Each structure stands twice: as C-alpha cells, then as structure tokens.
2 protein chains.
Amino acid sequence: MKNKVKLFPGDAKEQLTKLPSNSVDLIFTSPPYAERRMTTYGGVSQHEYVEWFMPIADELHEVLKPTGTFVLNIKESAFNGERSTYVLELILKMREHGWLWTEEFIWHKKNSYPGKWPNRFRDSWERLLQFNKERQFNMYQEEVMVPMGDWAKSRLKNLSQTDKVRDPSRVGSGFGKNISNWINRDMAYPTNVIHLATECNNKNHPAAFPEELPEWFIKLFTKENDTVLDPFMGSGTTVLVANRMGRNAVGIEIVPEYLEMVRERIENAEPVLF
Amino acid sequence: MKNKVKLFPGDAKEQLTKLPSNSVDLIFTSPPYAERRMTTYGGVSQHEYVEWFMPIADELHEVLKPTGTFVLNIKESAFNGERSTYVLELILKMREHGWLWTEEFIWHKKNSYPGKWPNRFRDSWERLLQFNKERQFNMYQEEVMVPMGDWAKSRLKNLSQTDKVRDPSRVGSGFGKNISNWINRDMAYPTNVIHLATECNNKNHPAAFPEELPEWFIKLFTKENDTVLDPFMGSGTTVLVANRMGRNAVGIEIVPEYLEMVRERIENAEPVLF
DNA sequence: GTTCCGCATGAATCGATAG
DNA sequence: ACTATCGATTCATGCGGAA
C-alpha cells in the first residue's frame, strides 16, 4: 500500500482545522522568519510574530498525537545591531499555551551566507526547537545512530590489540570492565548538534534546508506509516522526504506555485488535493 | 612591564563595587548554572536565577567600558523533561536593564558529557551570549581568522596561476575586480559557531571550559594591555589565559580554596590580593 | 568518462543614499 | 527624524562546459 500525501492549499491556521485531532505523529516545519520572505509571504514583523504564530501553534497542538513531537526550525536575524528576541518570547508563550519545551537542537550549517561586518561574524547556526504535548513521547534513538568518530575507532583498535587477550575475569579494574560494551561497536548515539550543509540550489527547487534535516527527525520521531505534517510546506522538502521514507504526509501551502510544484514532484505518490 | 593580575576574594556583587567605572574591556565568565554547584556555591534555583543575577549584571554594566564586551557562558539544563527557561528570561531582562544583546555564539563541544536517556541525546553545546553597552564596540576580527577549507585552497591556487597575469586594467568585469582581495589568501573569517574540545582534566584544576575558549574571545575583543574581568573566576582559566596573553586581569572568587589555587598558579605574575 | 575550472547564488548584514 | 531601497562584502557548494 502506498503511503498517502495530502496537500492543502491555503493559510496554515485555517487549513489545520480540517485535520482530525490527535492524528499527527510529527510536525516538522520552518515557518517564514520575521521580516523575511517579503515577496512570497509578505513578511511578518518581529513585533507581531508571537501574536501571529500562537493561533497556529494552538491548532498544531490539537492535531498532534499525545505521543507526537513538534520540531520548529527558526532563527532570529540581526536588527539594528542586535539579535531579535521574538524567538525567545515565542518559546515562553508556547509553554503558557501548554506546550512542553523539551529540547533545543542546533543545526550547524557548514556553508553559511557570506559577508563581513565590523560588529559580527557570519551566522552559521539555526535553532530546532522540540516541543511536546506530554513528557512521554515516541523516540527511536537507534534509527539515527552514527558511525563513531575516528578518535574512538583508532583508540578501540589499539585498545583491542592489547586488551582483547586480557583475562575477562579481570573485571572491576575500572577500565577492563567497560571493554565488553565497546568491542565490536562502531556506532554511537548522536548529540543535539546536527552538522549539515544547506544545499540550496539543487534542481531549481528553492529549499530552506537540506533533505537530511527532516530525514533525521523523521527517523528519530516516527516509524513507517506514521503521519508527518508540515504546515508551511514551501518547496515541500519535508513532505517529499516523509513520503519517500514510507510515512504518510500532510502539507499546507498558501502560495499556489509552490503547491503545484510539489504536486508535480510527488505525482507518483497519489497526492490528494482538497 | 608585567601585566597586573588582581584577585578579589568574596561575593561578585559586593566586590564589583570596588572596581572603577568604565575600566574593563572584556568580561568573560561562566557563572554557576541554576541548581548546579550546590556544594561550592550553594546552588541558585532556576526560579530565582534572574533575580539573583541582575544586580551583578548592573554592576558589570558599570565597570565595563562603552567600547567593551560582556560574554556570558551559560546553558540551561533539563528539568522534569523540559529545558529550563531562565536563560531566555535572563536575556530579556538584561535588555530591559540597558544591555544590548548583540549576538549568541554557539560553543560546540566535541566531547560532551556521556550518558543516555530515553527522551534526549547528550547535550553538546553551550551558549556564549554577547552583550554590549553601545552598538560601537572594539572587535579585532583579524586576530581569530582560521585556515580556509581545502576546497578553496586548491581552487584559489589554481586561480592565481591563471589570473595573476591578467591585465589589471580589466577591472569591472565583475570578477577580475576582486582578484586582488583573494590572491595569496588562505585564511577566512570564522563564524558564530566555535568548535572546541572540552579539556576538563588537565592538572587537577577542574575547569568549566578549555583555555581556547576565553583565548578566542580575548583575542577577538581586546588588545594587549587591555583589562579582562571574570567575576566568577573558579579555577581561573580566564584570568590565567588573559595574563599569559599580555592583558591585565581581574578575578573575583568567593571560594577561598579556588582563589588560593589561582594565586599559586599565577605567582610569577605578581597577583595583588585585596 | 574523469577532472578541472568558471560562475551563480544563498532565511545575511551594515552603512549610505534616497524619499 | 524615520523608513525603504541598494550596493558592497564574503564563502561553500553544485552545476555545466571545457580540457
């Protein structure tokens, strides 16, 4: 059975009311940042941002399963020599509205936007704010394990040369004790810092983030046949990756051209237009 | 002339009143985090943290030069499944008290604290919040330039082979114009993500951060004979590095054992005890 | 077929200029 | 004075044409 892709044209706040309550396992989205995307989205002012976003956050809370997770990709820009504070205020307001602020991941962008200024360096990281409805949520940590760093590999290689032949009964020495946990193991759990390139200009699809980014969180917070939602679909990276990974996907997009573009790219997956 | 090191025993808020106004070029410090260091510092509650810190922030504002910078190393930990919000509230309150929140650097710790939990990964980053009194402050960007990526080195090497001999009068072609900026260049400006190991275990001095961390900011925000202040000196990494780099250093520490330890380590630099 | 090189282009930011 | 627009700055990446 093919996984479903549903595409909703229109405003996020309105379209979200059409989704059933407690039906989504993961929300991964990157809303338009304050004062950005003037041409396509009209640009939300930094002072109105929290007020603009919270009704949407409330609807997202409604459609998310109690075991589900909401990952919000955002980064405040510099304004008159200072960083804007609206993201901080947004986090505080989200908690007032019942969301748990579980974690803040860092996306470390390898290739940040160039430029030089007298008072700051290039901005090469973005926030990935994890919110939950409940303290108990689904997390499949083994799905995102990474190969161990060379430091560990080489250390273990040398370690095994000398220690493999040790009498296993010599446990409790504080060192040999842990060897069994490390031998034959070349994978480690990742951290809350994700290091990826931006990959902006692939096939004339302007994407805010590389496919690896939603892929990582989809692997971490959903299993096959779960449902992934992106209420600010844009060029559709999240929806496309979710579909490719055997998840059901729901996308909302207000710009008709973007929605049509996604519909064409995903044609073989039977998208359902409402 | 040797640079001076002044060590003040006692509480940060009280001792700061003994420093002259507008006398410090850089404040670099890592205060006790909320609910941490119970045994040595008494442990400040996360709910009282902002209230506890702001009087100190006011004194720091008083002693910092208008062209100076305040770098605050801090990271909220998880409590009952959520990240604490006191750091966010602190940033907002600092702005209310007249500080400019210029930038947030990320310290990406290569070898973060080990551990495994069902609902989160290891925390491998900390905030380095940059605050200023004025929009115009001293910043010596050339001091912290880093080698360019290999890709660029090889490509620029080839570039210079062909373009060095170009007629310099061919300006305005959009490309040749900038060649002079790039020829013989193998260094680039860094970003706002700092990637360092933790190095906690040097010479039985428990340090919150590696020497490279204050070193980077001291290079960036001060020149020789400037004054660096750490109001929560701890094992004295900031003060020691500043002294070694030819800066005057001021350290405040409430725990006598730590202060004495620093005094011994820095003996050859004529510390002045008050 | 590879490898190499030219080039466009990004959730950027500041300072100057114009209305 | 306060806001909108524009040019200059800069670096990693992928693409396409050339060697």
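Within every chain, numbering begins at 1; the chains are lettered A, B, ... in the order of the sequence lines, protein sequences first and strands thereafter. Since this is a predicted model, take the numbers as computed values, not measurements.
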Take atom [atom1] of [X] and atom [atom2] of [N], then tell me their distance rounded to the nearest Å.
X        : N      : atom1 : atom2 : result
A:Leu196 : C:dA11 : CG    : C1'   : 16 Å
B:Arg135 : C:dT13 : CZ    : P     : 15 Å
B:Met187 : D:dT10 : CE    : P     : 15 Å
A:His47  : D:dT3  : NE2   : C1'   : 13 Å
A:Lys109 : D:dG14 : NZ    : P     : 16 Å
B:Asn192 : D:dT10 : CG    : C1'   : 15 Å
B:Gln130 : C:dT13 : CD    : C1'   : 14 Å
A:Asp123 : C:dG10 : CG    : P     : 18 Å

- Between A:Arg83 and C:dA12, is there a side-chain N or O to OP1/OP2 distance below 4.0 Å?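 For C:dA12, neither OP1 nor OP2 has a side-chain N or O of A:Arg83 closer than 4.0 Å.
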
Taking only residues two or more places apart in sequence or in another chain, which ones pass side chain to side chain contact (heavy atoms under 4.5 Å, CB included) with [X]?
X        : value
A:Glu59  : A:Leu16, A:Thr17
B:Ile218 : B:Leu26, B:Pro214, B:Thr222, B:Val228, B:Val241, B:Ala242, B:Met245, B:Arg247
A:Phe79  : A:Glu35, A:Gln46, A:Ser84

With sequence neighbours excluded, residues passing side chain to side chain donor-acceptor pair (under 3.5 Å) with [X]:
X        : result
A:Thr237 : none
B:Ser23  : none
B:Asp226 : none
A:Ser45  : none

- Query: So what does A:Pro31 hit on the nucleic acid, given a heavy-atom distance under 4.0 Å: a base, only sugar-phosphate, or nothing?
  - Reply: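 The residue A:Pro31 makes base contact.
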
- Query: Between A:Lys110 and A:Gly115, who's closer to the 5' end of DNA chain D by nearest nucleotide?
  - Reply: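 First, find each residue's nearest nucleotide; the 5'-ward one identifies A:Gly115.
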
Using a cut-off of under 3.5 Å, enumerate the N/O to N/O pairs linking the protein to nucleotides 14-18 of chain C.
unit_1, atom_1, unit_2, atom_2, d
C:dC14, OP1, A:Asn119, ND2, 3.4
C:dC14, OP1, A:Arg120, NE, 3.1

- Query: Salt bridge or not for A:Arg83 and B:Glu104, using N-O below 4.0 Å?
  - Reply: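 Salt bridge between A:Arg83 and B:Glu104, a charged N being under 4.0 Å from a carboxylate O: no.
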
- Query: Where does C:dA11 land, syn or anti, once you apply the within-90°-of-0 test for syn?
  - Reply: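 With its glycosidic angle within 90° of zero, C:dA11 counts as syn.
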
- A:Arg122 (side chain) and C:dA12 (base): donor-acceptor pair under 3.5 Å: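 Checked by distance alone, the answer is no.
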
- Item | Side-chain donor/acceptor contact of A:Ser30 with base of C:dA11 under 3.5 Å |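 Yes, a donor-acceptor pair under 3.5 Å.
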
- Message: Hydrogens and angles aside, do A:Glu82 and A:Asn80 bring a side-chain donor and acceptor to less than 3.5 Å of each other?
- Response: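 No, because no side-chain N or O of A:Glu82 sits under 3.5 Å from a partner of the opposite role on A:Asn80.
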
- Contiguous pairing runs of three or more, Watson-Crick or G-U under 3.5 Å, that involve DNA chain C: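 When the pairs of DNA chain C are grouped into runs of at least three, the stems are C:2-10 with D:11-19, C:12-19 with D:2-9.
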
- Message: Checking contacts here: which listed nucleotide (C:dG10, D:dC11, C:dA11) is nearest the side-chain heavy atoms of A:Tyr33?
- Response: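 Minimum distance to the A:Tyr33 side chain belongs to C:dA11.
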
- What do you reckon, is NZ of A:Lys65 surrounded by more than 12 foreign heavy atoms closer than 6.0 Å?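 Counting neighbours around NZ of A:Lys65, more than 12 heavy atoms of other residues, nucleotides or ligands fall under 6.0 Å, so yes.
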
